[in-house]
Amino acid sequence: MNSVLVPQAGTGISVGVRGVRKVFPGGIAAVDSIDLDVKPGEFIALLGPSGCGKSTLLRMIAGLETPDSGSIDLNAGRISFVFQDAHLLPWRNALNNVALPLELMGMDRAKRLSEAATALKLVGLDDALDRYPAALSGGMRMRVSLARALVTNPALLLLDEPFAALDEITRHELDEELHKLWSNRRMTVMFVTHSIIEATFLAERAIVFTRRPARVILDHTLHLPARRTPSLRTDTQFSTQMRILFEALEQGY
Amino acid sequence: MNIRTMVEKVLPPILPVLVAGVAAEIAVRAHWVKPYLVPAPSSVIAALFNNWRELGSATWTTADAALTGFAMSAITGVLLAIALSSSPWVQRALYPYAVFFQTVPIIAVAPLIVIWFGLPRTPIVSAFIVSIFPVIANTLTGLLSTDPALRDLFRLYDAKRMPTLFKLQLPFALPHMFTGLRIAGGLAVIGAIVGEFINGQGIGGYIDVSRQRYLVDKVFAGLLMASLIGVALFITINLLSRLALRHWHASESRA
């Protein structure tokens, strides 16, 4: 099949953040002198207290905001962004919502709809193609949002506390699926969260930030098996890793 | 619809009219009020039927003027709102004048309309002038209240101005736009009748002539037809709104 969705190993790009600083109007620094190197295909969790500026960093990497000083180096490649809430177009059904990025890129209708259907299948929503967002649960809406991000086969996937508004069970479920998707595709993932469990479960490497302005206080490679199963969350090894992140978070508070 | 829901839905709005009508009828027949001040409802209905040809063509004339003025303000209003939403600079430059335009009393501008556009076109122009502002104001609010995250999403995929307008901003503005159109519909009828008071055509002319002869029943018959136009327009706009929004907007998605 000649689909952009066929998983290809090593499709991720590297991200280099050098001395990035961002001051909001009013003089409050959101992000201060951050250096960060993300290798192609890495899954990174950005962990920090709410409102610490980690979202601002993510937005700068996406090109939605420009740093006041410093630079961000990205290799060429598609970027997708998943927001805190699903943010779907309410007048479009699931299929047409997912097809939107391809539509804006100018892909013809038949092709973009078939790609969108494939992406929805990937997130387990192949039976809800023609449903409108108002008729979907919060978790399903988030899946549609995820499918919309995946439909372009991004080299870099940025997620800004995407599952924060969901109940814990749904969140764990989506965490597991996201990890599986990443294992198959190996795009670079940067995942902003304030949940220690989520960061530990998902990431290969976790960056812990201080309170505003955000500075890196810990850059930790998680010593956990590559395959993440639900039962891992109750493992002693898991809690040891969580503890390391927890202590850094406390220290930066 | 069964009898019960019929009674529950249709009766409440009819009841006040019935009560008021019966009260007026009694009051006139008992000579509590002068029939040349308040007509008996029965004589209003009689006036409606006896003058049907004259009243019917007057209604048609007024409806035509109101609808034309309304259509003009719907199109121009939406286009102006799009222009205003395009940049804060344009908005600052033009919006105050739109507000100013709205505060000028139509009756006071009417003589100017006659001079500039001639008597026959006065009702249309006056309907247009009074009904355009709610379209501009509401559509603009809608265009400016687009979800910022979705704006970001469109930016992320390098969406150009036109796709952003048609695929994001305008659909988002639709519920607001319909609110503006609903208000504009009623105002257009008022504007048309104000114009007709001056050029003597349509329901406005009919009411004015009847007033001069103290034929209050005919005045009321004219009033009834005028509000019928407004109601018909309102129902049509509601139907369109329902069609456009039923899948997604809370205001129209009740079962």
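Computed over heavy atoms, backbone and side chain alike; hydrogens, waters and symmetry mates excluded. All of these numbers come straight from a predicted model, not from anything done at the bench. Order of the sequence lines sets the chain letters (A, B, ...), proteins ahead of strands, with each chain counted from 1.
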Which donor-acceptor pairs lie under 3.5 Å between chain B and chain A?
residue, atom, partner, partner atom, Å
B:D147, OD1, A:H87, ND1, 3.4
B:D147, OD2, A:H87, ND1, 2.5
B:D152, OD2, A:R59, NH1, 2.8
B:D152, OD2, A:R59, NH2, 3.1
B:R155, NH2, A:L64, O, 2.9
B:Y157, OH, A:S80, OG, 3.4
B:K167, NZ, A:E103, OE2, 2.5

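When side chains are defined from C-beta on, B:F154 counts as touching A:L104, because their heavy atoms get closer than 4.5 Å.
Every residue meeting the side chain to side chain donor-acceptor pair (under 3.5 Å) condition with B:T62, not counting sequence neighbours, appears here in chain and number order: B:E196. In this view, B:F133 and B:Y95, B:A98, B:V99, B:Q102, B:A137 satisfy the side chain to side chain contact (heavy atoms under 4.5 Å, CB included) rule, not counting sequence neighbours.
The CG atom of B:L168 lies 8.5 Å from the CG atom of A:L100; values are rounded to the nearest 0.5 Å.
Heavy atoms only, all atoms of each residue included: B:L156 and A:A62 are closest at CD1-O, 3.5 Å.
Of the listed residues (B:P163, B:P171, B:A159), the one with the most heavy-atom contacts under 4.5 Å to chain A is B:P171. Heavy-atom pairs under 4.5 Å with chain B were tallied for A:G106, A:A135, A:P101; the largest tally goes to A:P101.
Sparse packing is recorded around CZ of B:R121, with 12 or fewer heavy atoms of other residues, nucleotides or ligands lying under 6.0 Å away.
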Begin with the C-alpha distance, continue with both residues' side-chain angles, and end with the deciding distance and a verdict on side chain to side chain contact (heavy atoms under 4.5 Å, CB included) for A:L88 and B:L150.
-> CA-CA 8 Å; A:L88 305 173; B:L150 282 171; over 6 Å; no
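Within residues 65-91 of chain B, no residue approaches chain A closer than 4.5 Å by heavy atoms.
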